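Being a predicted model, the structure only gives us computed values, none of them experimental.
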Amino acid sequence: MKWPWQTDGLSRNDRAQAWEMVKSLGLPADPAAVVPLEFEQMRSLDSVLDRIFVLHAVSAVAHGFSAQRSEAWIQQERLGGHLTPDEASVLEGANTDFEPYREQVEALWALFWLAGLTLELDPVEGCPDTFVQLLPDIRLEPMPTTLAWRSRARLRTRAEVQRAGYAAACLVWAFDQAKASGRPTPQLQSGLWVRHRFNALAWASGSQDWAQPVAVHRKWWK
């Protein structure tokens with residue numbers, strides 16, 4: 001299902017569409033409960049791309065790829081300065097708690113959309129299983145550069161990203177309410193990844209730094 005987000009700002013209609021989406025999933029809705037993210041200080045395209053490639057390398061390790069080779073690729077692309085301390089510990093082999101970084105592929109997908117590298121960011125569907133095929137294949141020798149992706153990237157408008165951020169915020173709130181009330185819904189599993197997407201879009205808004213990920217699966221099922 002693709003939701004037809006408009007391109008002229010977060011209007012009353014945009015908000016209504018977001019909540020209709022939430023209700024279509026059988027989740028609670030309260031339009032007064034969610035404050036939209038502000039994107040006045042939206043991060044630059046270069047910053048978004050640097051974060052995409054760092055997440056790609058860290059996610060690869062979390063899915064079983066060589067930490068040494070991932071770190072070598074990060075150094076090749078001069079991205080070492082963009083690693084957070086916890087990401088650096090994953091690449092150095094000091095942190096082997098990989099579950100949060102496996103889930104974070106949904107944050108990566110949101111940023112991939114933000115950089116204009118995929119056409120769709122369906123708020124009610126997870127990233128495709130073929131997503132890894134759209135990223136640099138760091139198994140190759142020599143390892144690829146990021147230049148081809150950087151040359152294709154085009155940052156989406158602030159209005160587009162604001163609407164995606166609002167949809168994600170509505171979903172996070174709705175899943176949290178469903179869990180707190182014990183409300184049954186067959187779509188609860190989706191709550192495991194909507195928060196990662198929201199965190200990525202909140203970071204892109206410039207309102208917060210990139211935070212160490214928490215395994216939403218553990219948090220959700222406590």
Side-chain angles (χ1 to χ4, degrees), residues 43 46-115 117-118 121 125-146 148-150 168 171-172 175-176 179 187-205 207-222:
R43 295 186 190 271
D46 283 341
S47 293
V48 172
L49 289 168
D50 290 341
R51 183 103 295 265
I52 285 171
F53 298 129
V54 163
L55 289 174
H56 175 40
V58 174
S59 177
V61 175
H63 284 88
F65 190 67
S66 164
Q68 183 178 13
R69 189 164 177 83
S70 290
E71 185 174 26
W73 184 68
I74 287 289
Q75 297 308 318
Q76 172 188 290
E77 297 304 300
R78 300 182 179 181
L79 293 167
H82 299 282
L83 292 165
T84 62
D86 63 286
E87 290 167 343
S89 71
V90 170
L91 296 186
E92 292 163 1
N95 181 0
T96 57
D97 182 13
F98 292 149
E99 186 174 0
Y101 302 94
R102 285 193 292 267
E103 289 183 6
Q104 215 175 206
V105 69
E106 287 294 342
L108 177 54
W109 180 241
L111 296 181
F112 206 68
W113 170 84
L114 175 59
L117 293 168
T118 184
L121 182 66
E125 295 289 343
C127 73
D129 293 339
T130 56
F131 179 26
V132 68
Q133 298 172 19
L134 304 178
L135 294 160
D137 189 347
I138 54 179
R139 299 170 302 175
L140 299 177
E141 195 65 61
M143 288 187 287
T145 73
T146 61
W149 285 263
R150 292 182 186 275
L171 284 168
V172 166
F175 278 114
D176 284 348
K179 180 187 176 185
Q187 292 86 11
L188 281 180
Q189 188 72 12
S190 300
L192 305 182
W193 52 259
V194 293
R195 187 174 298 276
H196 286 293
R197 284 197 187 174
F198 172 76
N199 289 342
L201 294 169
W203 170 85
S205 76
S207 64
Q208 64 184 46
D209 293 332
W210 193 267
Q212 181 172 351
V214 174
V216 180
H217 186 277
R218 296 176 197 153
K219 182 177 180 181
W220 186 262
W221 293 113
K222 275 184 179 180

Asker: Within a strict 4.5 Å, meaning less than it, do heavy atoms of the M143 and E77 side chains meet?
Answerer: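 The answer is no, as the side chains (C-beta and beyond) never meet within the 4.5 Å cut-off.
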
Asker: Restricting to non-hydrogen atoms, name the atom on R102 and the atom on A62 that form the minimum distance, rounded to 0.1 Å.
Answerer: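 Where R102 meets A62 most closely, the heavy atoms are NH1-O, 3.2 Å.
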
Asker: Considering non-hydrogen atoms only, spot the tightest contact between L111 and R51 and give its length.
Answerer: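 So the two residues come closest at CD1-CG, 3.6 Å.
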
Asker: Answer yes if the side chains of T84 and E87 hold a donor-acceptor pair under 3.5 Å, and no otherwise.
Answerer: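 Checked: T84/E87 side chains pair up, N/O donor to acceptor below 3.5 Å.
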
Asker: Check P213 against P100 and note the closest heavy-atom contact, atom names and distance.
Answerer: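 Heavy-atom minimum between the residues: O-CB, 3.6 Å.
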
Asker: I'd like to check the ring-ring contact (aromatic ring centres under 6.0 Å, His included) partners of W203; sequence neighbours left out, ordered by chain and number.
Answerer: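 Here the qualifying residues are W210.
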
Asker: Report yes or no: does S207 contribute a side-chain atom to a donor-acceptor pair with the main-chain N or O of A202 at less than 3.5 Å?
Answerer: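 Yes.
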
Asker: Tell me, with the steps shown, if R139 and F65 meet side chain to side chain contact (heavy atoms under 4.5 Å, CB included).
Answerer: CA-CA 9 Å; R139 299 170 302 175; F65 190 67; 3.5 Å; yes

Asker: Among R150, R43, R78, exactly one meets side chain to side chain donor-acceptor pair (under 3.5 Å) together with D50. Which residue is that?
Answerer: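 In the set R150, R43, R78, the residue that makes a side chain to side chain donor-acceptor pair (under 3.5 Å) with D50 is R150.
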
Asker: Using ring-ring contact (aromatic ring centres under 6.0 Å, His included) as the criterion, list what pairs up with W73, not counting sequence neighbours.
Answerer: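 Per chain and number, W73 pairs via ring-ring contact (aromatic ring centres under 6.0 Å, His included) with H56.
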
Asker: Search all heavy atoms of W149 against all heavy atoms of L135 and return the closest pair with its distance.
Answerer: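 Shortest heavy-atom contact: CZ2-C, 3.6 Å.
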
Asker: Considering residues at least two apart in sequence or located in another chain, which fulfil the ring-ring contact (aromatic ring centres under 6.0 Å, His included) criterion with F131?
Answerer: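 With neighbours one apart ignored, the set is W109, F112.
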
Asker: Could you check if a side-chain atom of L91 sits within less than 4.5 angstrom of a side-chain atom of L83, using non-hydrogen atoms only?
Answerer: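 They are in contact (side-chain heavy atoms under 4.5 Å apart), so the answer is yes.
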
Asker: Heavy-atom count around Q68 CD within 6.0 Å, excluding the residue itself: above 12?
Answerer: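 Counting other residues, nucleotides and ligands, CD of Q68 stays at 12 neighbours or fewer.
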
Asker: Please identify which of these residues, D176, L171, N199, meets the side-chain contact (heavy atoms from CB on, under 4.5 Å) condition with V194.
Answerer: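 Result: among D176, L171, N199, L171 is the only option passing the side-chain contact (heavy atoms from CB on, under 4.5 Å) with V194.
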
Asker: Which atom pair, heavy atoms only, marks the closest approach of I138 to P144?
Answerer: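 It is CA-CD, 4.1 Å.
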
Asker: Hey, are the side chains of L121 and R197 touching, using non-hydrogen atoms and a 4.5 Å cut-off?
Answerer: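 A side-chain contact under 4.5 Å exists here.
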
Asker: Could you tell me whether D137 atom CG has more than 12 heavy atoms of other residues or ligands within 6.0 Å of it?
Answerer: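 Yes, enclosed.
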
Asker: In Å, rounded to the nearest 0.5 Å, how long is the span from CG of L79 to CD1 of I52?
Answerer: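 Going from CG on L79 over to CD1 on I52, the span is 11.5 Å.
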
Asker: Quick check: do L117 and L49 have side-chain heavy atoms less than 4.5 Å from each other?
Answerer: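 Contact flag for L117/L49 side chains = yes.
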
Asker: Nearest heavy-atom pair of D86 and N95: which atoms, and what distance?
Answerer: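 Of all heavy-atom pairs spanning D86 and N95, the closest is O-ND2, 4.2 Å.
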
Asker: Walk me through whether Y101 and Q212 qualify under side chain to side chain contact (heavy atoms under 4.5 Å, CB included).
Answerer: CA-CA 9 Å; Y101 302 94; Q212 181 172 351; 3.9 Å; yes

Asker: Check this for me, if you would: do R195 and E103 make a salt bridge, where the nitrogen-to-carboxylate-oxygen distance has to be below 4.0 angstrom?
Answerer: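 Salt bridge flag = no for E103 with R195.
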
